[in-house]
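The chains referred to below are lettered A, B, ... by the order of the sequence lines, with proteins before strands, and numbering in each begins at 1.
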Amino acid sequence: MPELPEVHTIANDLNNNIIGYEIKNIKITKNYKIPELVKKRLSSLLNKKFIEVKRIAKNIVIKLSENDFLTFHLAMTGRILLTSDKDKKDNWVKIVFEISKNDDVKYLKFCDMRQFGKVNVLDEAGIRDLENKYGISVLNKKITPEDFLKTIHSKKTNIKNVLLDQSIISGLGNIYATDALFLARINPKTPTQSINLNESKILLEKSREILNEGIKNRGSTLPDKMYVDIFGNSGHQQNYFKIYGKDKCPSCGTKTIFEKINGRGTYFCPICQPYKKEPLKKVKVNEGQKQLL
DNA sequence: ATGTTTGTTCCGAT
DNA sequence: CATCGGAACAAACA
């Protein structure tokens with residue numbers, strides 16, 4: 001579930017709650033598939049101290065003493081929970097880190113229902129590699145509409161698809177990309193090559209706006225409650241979705257269209273986000289037609 | 001029983 | 001060879 005605002009909220013809360021704590025024990029749930037190498041690296045973290053928590057794209061990155069980094073990617077159903085209650089039962093717990101500072105003991109849990117999430121331990125070079133995997137961040141204030149347009153044009157597909165391609169544009173997930181396109185009044189199926197500078201400018205603005213609103217509202221929690229923050233609380237952005245999950249366009253009242261685009265559920269308004277531009281079609285031209293042209 | 005699901009990676013087709 | 005897009009990863013719910 002977690003997209004950038006959800007991951008941001010988790011990283012920020014962890015940074016305010018686990019700095020200075022040391023890892024005293026690590027328990028991996030039986031039958032949880034984790035590479036042997038990662039298991040070995042995890043055990044090397046015992047007695048190391050949390051220095052700082054930050055976010056790289058949708059990864060939670062925890063810096064420990066001796067320049068080790070513990071990273072989590074939550075994918076669709078990952079959760080990070082923090083509790084002082086040793087006996088608290090949580091669903092789908094995969095790894096429990098017992099951490100302490102002086103006499104205070106807490107439990108940092110990595111949970112994952114569908115198990116698409118990833119845990120890893122990296123050194124500084126590994127962190128650099130991780131950073132290099134990702135494309136531009138729309139939240140980077142240095143990115144101009146010109147930069148954004150160039151990036152959009154670098155992939156020949158539809159605009160929704162390129163917004164979700166983390167190696168090109170990092171941070172937007174399915175829900176926020178859907179809402180950003182609605183706010184920018186751009187049809188999600190618009191070919192990237194048809195986007196112009198003005199649309200690039202608006203889309204960049206609206207993408208920033210929607211991500212910042214999501215961060216302000218501590219992420220979005222859908223009815224399945226899969227995303228919760230480290231204390232188990234829901235986010236609020238679901239109350240402010242623009243068009244994601246809506247039957248009717250909040251702007252003009254027209255029935256929204258729900259369509260799978262590149263396998264991802266997409267909502268859009270056919271009136272406010274009209275499909276103006278035909279994709280470039282490959283037309284087979286025979287000799288006779290050529291003369292007519 | 002079938003179709004959904006907030007993400008990412010891999011592999012086959014073009 | 002580059003690029004695109006569907007399948008797969010696994011589990012719960014309606």
Side-chain angles (χ1 to χ4, degrees), chain A residues 1-10 29 31-35 55-60 71-80 90-94 110-120 129-135 137 151-182 188-189 191-193 207 210-211 213-215 217-229 234-246 258-267 279-282 284:
Chain A
M1 353 191 18
E3 301 185 31
L4 185 148
E6 291 75 21
V7 176
H8 190 95
T9 300
I10 292 169
T29 302
N31 302 328
Y32 178 55
K33 281 187 215 159
I34 181 169
R55 174 184 66 71
I56 296 176
K58 298 176 195 170
N59 297 273
I60 294 155
T71 68
F72 296 96
H73 194 296
L74 303 180
M76 299 277 268
T77 59
R79 280 179 179 168
I80 303 277
D90 291 296
N91 289 326
W92 313 299
V93 175
K94 302 304 175 195
F110 172 61
C111 312
D112 194 2
M113 182 182 85
R114 288 171 71 184
Q115 299 173 211
F116 296 169
K118 294 261 167 30
V119 58
N120 209 347
D129 290 343
L130 184 68
E131 282 169 338
N132 290 335
K133 269 174 57 178
Y134 296 100
S137 166
T151 306
I152 289 168
H153 282 172
S154 74
K155 186 157 168 151
K156 280 176 280 182
T157 183
N158 60 66
I159 185 64
K160 169 98 186 302
N161 202 26
V162 77
L163 288 181
L164 292 181
D165 189 330
Q166 304 298 304
S167 69
I168 297 179
I169 298 168
S170 82
L172 285 162
N174 194 45
I175 294 175
Y176 294 95
T178 297
D179 275 356
L181 285 165
F182 171 71
K189 290 194 283 190
T192 50
Q193 308 303 311
S207 297
I210 200 73
L211 288 178
E213 188 184 38
I215 290 168
N217 286 318
R218 301 183 58 80
S220 56
T221 300
L222 297 184
D224 65 8
K225 286 263 187 349
M226 280 314 303
Y227 165 73
V228 289
D229 66 17
S234 296
H236 309 290
Q237 181 65 16
Q238 67 280 7
N239 301 322
Y240 304 95
F241 283 166
K242 309 307 166 198
I243 197 161
Y244 186 87
K246 306 276 187 205
F258 173 77
E259 195 175 318
K260 284 278 180 76
I261 299 178
N262 299 103
R264 311 302 303 277
T266 309
Y267 296 82
L280 301 171
K281 282 181 187 160
K282 283 184 184 170
K284 279 193 178 171

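Side-chain N/O atoms of A:K94 and A:Q115 include a donor and acceptor closer than 3.5 Å.
Put simply, NZ on A:K160 is 16 Å from C1' on C:dC4, counting in whole angstrom units. When the P atom of B:dT4 is taken as reference, atom CG of A:N174 falls 14 Å away, rounded to whole Å. The CG-C1' distance, from A:L163 to B:dG7, rounds to 15 Å in whole Å. Between A:L222 atom CG and B:dT5 atom P there is a gap of 11 Å when expressed in whole angstrom units. One can place CZ of A:R55 at 15 Å from C1' of B:dG7, the figure rounded to the nearest angstrom. The distance from atom CG of A:D224 to atom P of B:dT6 is 10 Å, rounded to the nearest whole Å. Rounded to an integer number of Å, the gap from A:E3 CD to B:dT5 C1' is 12 Å. In this structure, CG of A:L74 is placed 16 Å from C1' of B:dT5, rounded to the nearest angstrom.
A search for ring pair (Phe, Tyr, Trp, His ring centres under 6.0 Å) contacts involving A:F241 returns A:Y244, not counting sequence neighbours. Checked against side chain to side chain donor-acceptor pair (under 3.5 Å), A:N161 has the following partners two or more places apart in sequence or in another chain: A:T157. For A:E259, the side-chain contact (heavy atoms from CB on, under 4.5 Å) partners are A:K189, A:I257, A:F268, not counting sequence neighbours. Residues forming a side chain to side chain donor-acceptor pair (under 3.5 Å) with A:Q166 (at least two apart in sequence, or on another chain): none. Qualifying side-chain contact (heavy atoms from CB on, under 4.5 Å) partners for A:R264, counting only residues two or more places apart in sequence or in other chains: A:K160, A:L164, A:N174. Applying the side chain to side chain donor-acceptor pair (under 3.5 Å) test to A:S234 and every residue at least two apart in sequence or in another chain returns nothing. Contacts of A:T151 classified as side-chain contact (heavy atoms from CB on, under 4.5 Å), with partners at least two apart in sequence or in another chain: A:I136, A:I168, A:I169. Residues satisfying the side-chain contact (heavy atoms from CB on, under 4.5 Å) criterion with A:F258, sequence neighbours excluded, are A:Y267.
For the P atom pair drawn from B:dC11 and C:dA10, the interatomic distance equals 15 Å after rounding to whole Å. Taking the P atom of each, C:dC4 and B:dT6 are spaced 22 Å apart, rounded to whole Å. C:dC1 and B:dT9: their P atoms are spaced 23 Å apart (whole Å).
Side-chain contact between A:Y176 and A:L4 is absent, with no heavy-atom pair separated by less than 4.5 Å. Between A:I210 and A:F182 the shortest side-chain heavy-atom distance does not fall below 4.5 Å. At a threshold of 4.5 Å between non-hydrogen side-chain atoms, the residues A:W92 and A:R79 count as touching. Annotation: side chain of A:I80 is in contact with side chain of A:F72 (closest heavy-atom distance under 4.5 Å).
A:E6 places a side-chain N or O within 3.5 Å of a backbone atom of A:S220 that can act as its donor or acceptor partner.
Among the protein residues, A:Y176 comes within range of no part of the nucleic acid, since none of its heavy atoms lies under 4.0 Å from any strand.
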Check nucleotides 5-7 of chain C against the protein and report each pair of N or O atoms closer than 3.5 Å, with its distance, or say if there are none.
residue: C:dG5; atom: OP2; partner: A:T157; partner atom: OG1; Å: 2.9
residue: C:dG5; atom: OP2; partner: A:N161; partner atom: ND2; Å: 3.4

Using nucleotides 8-10 of chain B, report all nitrogen or oxygen pairs with the protein that are shorter than 3.5 Å.
residue: B:dT8; atom: OP1; partner: A:H73; partner atom: NE2; Å: 2.7
residue: B:dT8; atom: OP2; partner: A:K58; partner atom: NZ; Å: 3.1
residue: B:dT9; atom: OP1; partner: A:K133; partner atom: NZ; Å: 2.9

Could I get a table of every N or O pair under 3.5 Å where one atom is in the protein and the other is in nucleotides 10-14 of chain C?
residue: C:dA10; atom: OP1; partner: A:K33; partner atom: NZ; Å: 2.8
residue: C:dA10; atom: O4'; partner: A:R114; partner atom: O; Å: 2.9
residue: C:dA10; atom: N1; partner: A:R114; partner atom: NE; Å: 2.9
residue: C:dA10; atom: N1; partner: A:R114; partner atom: NH2; Å: 2.4
residue: C:dA10; atom: N3; partner: A:R114; partner atom: NE; Å: 2.9
residue: C:dA11; atom: OP1; partner: A:Q115; partner atom: OE1; Å: 3.4

Q: Convert the base pairs of DNA chain B into dot-bracket notation, remembering that pairs crossing earlier ones are written with [ ] and that bases paired across to another strand are shown as |; include only Watson-Crick or G-U pairs under 3.5 Å.
A: .||||.||||||||
